[in-house]
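So the structure is just underneath, and the comments pick up after that.
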Amino acid sequence: MLQVTLAPYHHPFKQPLQTAHGVWRCREGLIVTLTDASSRQGQGEIAPLPTFGSETLSAAIAYCKALGDRCLRANLEHIPDHLPACQFGFATALQALDNPTPPIQLDIAQVAHLIPLSRAVLPQMQALQAQGATTFKCKIGVQDLAQEMAIWQALSQHALPTTRFRLDANGGLTPALAEQWLALAQARGNVEFLEQPLPPTQFDAMQTLAERFTVPIALDESVAGWADLQQCYRAGWRGVYGLKLAIAGAPQRLIEFCCTHDLDLVCSSVFETAIGRQGALRVAQALKTQRPLGFGVQNWF
């Protein structure tokens, strides 16, 4: 029997994060602490992201309340698939309980740093480059197209030859706008990939774009859920798969599928706390991803 302790948190961003899904001002979630009969403890984090198809925070809280403050380990190993953030949170807490490991430390070049698409961020970008940062991520599809392109080109012109950009549209572009971004990215030659240019319902159109341009396309919202990931693979997607690990469900199932099928992966944050970050980094380590990890978000808090 395990004791279950929950600690809700409410962490405002330093500045609102604007995406095609809207404006995000605060990260809320739950820290889970499991204690066994020997008083050993393991912590995990439930960090829902309903705009990407996970459960809501209220649904997660309702599940945890129904679970109670004491439960059998078996109960935590059979959480329903419609609660992927809960699956991740409890699974990583169990992992930390059973197999505690030192915190994973990342070098600055091992992560992609999320920066606002703004000329004002140029000094910050240059400072990070001077420290060794090589990859930056910008949200697009939020402002006027010409304005966004002009701002990004201004940033791009100050990038080092080794610097690469990830342009994330969060499904907010039309096929015509995606073509313009891909053409610009191809001309600049320093874009690692264009992330989720179209909504998940336009899978075939993204396949067509991926065949027409040399700049890779990464699926994100399209593969946020376990069933969606399998469906996109069966449908023939062989581009980049962007995985938000804290909402991807049971980690071991994900690790087995991705490693068996040798997917081109990039693992990303959902703005979780240090506890969820360590759980996600342990999963990313098992996935043996080669691309910089999308966890350069600490500067947003």
Side-chain angles (χ1 to χ4, degrees), residues 1-12 21-22 24-37 39-100 200 220-231 242-258 267-284 286 301:
M1 189 71 73
L2 297 172
Q3 180 180 335
V4 181
T5 307
L6 302 174
Y9 65 81
H10 181 95
H11 294 162
H21 294 298
W24 195 6
R25 303 181 185 279
C26 178
R27 167 35 105 187
E28 295 180 293
L30 299 168
I31 301 300
V32 177
T33 302
L34 300 179
T35 307
D36 68 9
S39 296
R40 296 182 309 159
Q41 290 189 331
Q43 288 189 306
E45 180 174 347
I46 299 173
L49 197 58
T51 53
F52 276 69
S54 87
E55 70 270 44
T56 62
L57 179 59
S58 59
I61 292 172
Y63 173 80
C64 292
K65 285 184 176 179
L67 193 65
D69 58 4
R70 296 184 70 81
C71 72
L72 296 172
R73 175 184 290 261
N75 293 342
L76 302 180
E77 295 172 347
H78 296 89
I79 299 172
D81 284 345
H82 68 272
L83 299 168
C86 289
Q87 287 180 334
F88 172 86
F90 281 109
T92 51
L94 284 171
Q95 174 70 14
L97 176 68
D98 295 337
N99 185 29
D220 189 0
E221 281 91 338
S222 291
V223 294
W226 169 245
D228 298 326
L229 172 63
Q230 296 177 90
Q231 181 179 342
L243 301 180
K244 287 182 163 43
L245 299 177
I247 60 167
Q252 192 54 43
R253 178 177 63 181
L254 180 70
I255 292 167
E256 290 173 1
F257 180 83
C258 293
C267 298
S268 296
S269 167
V270 294
F271 295 88
E272 60 283 296
T273 71
I275 291 170
R277 175 185 173 92
Q278 283 300 313
L281 290 179
R282 283 191 287 271
V283 177
F301 290 103

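Just so you know, these numbers use all the heavy atoms, side chains as well, and skip hydrogens, waters and symmetry mates.
The shortest side-chain heavy-atom distance between Leu94 and Leu2 falls under the 4.5 Å cut-off.
Not counting sequence neighbours, His82 has no partner by the ring pair (Phe, Tyr, Trp, His ring centres under 6.0 Å) test. Taking Tyr63 as the reference, nothing meets the ring pair (Phe, Tyr, Trp, His ring centres under 6.0 Å) condition, with sequence neighbours excluded. When the salt bridge (Lys or Arg N to Asp or Glu O under 4.0 Å) test is applied to Asp69, no partner is found at least two apart in sequence or on another chain.
Leu49 CG to Ser54 OG: the interatomic distance, rounded to the nearest 0.5 Å, is 5.5 Å. Leu97 CG to Thr35 OG1: the interatomic distance, rounded to the nearest 0.5 Å, is 8.0 Å.
When Leu254, Leu281, Val270 are each tested for a side-chain contact (heavy atoms from CB on, under 4.5 Å) with Leu245, only one passes: Leu254.
For residues 55-66, there are no salt bridge (Lys or Arg N to Asp or Glu O under 4.0 Å) pairs, not counting sequence neighbours. Screening residues 272-281 for side-chain hydrogen bond (donor to acceptor under 3.5 Å, both in side chains), with sequence neighbours left out, gives Glu45-Thr273, Ser269-Glu272.
Between Phe88 and Pro251, the shortest heavy-atom distance links the atoms CD1-CG, 4.1 Å.
A donor-acceptor pair under 3.5 Å is absent between the side-chain atoms of Trp226 and the main chain of Asp228, judged by distance alone. With hydrogens and angles ignored, the 3.5 Å screen pairs a side-chain donor or acceptor of Gln87 with a backbone N or O of Ile79. No side-chain donor-acceptor contact under 3.5 Å links Arg27 to the backbone of Tyr9.
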Show every donor-acceptor pair shorter than 3.5 Å between a side-chain atom in residues 70-78 and any protein atom, with sequence neighbours excluded, or say none if there are none.
unit_1: Arg73; atom_1: NH1; unit_2: Asp98; atom_2: OD2; d: 2.8
unit_1: Arg73; atom_1: NH2; unit_2: Asp98; atom_2: OD1; d: 3.0
unit_1: His78; atom_1: ND1; unit_2: Ala74; atom_2: O; d: 2.9

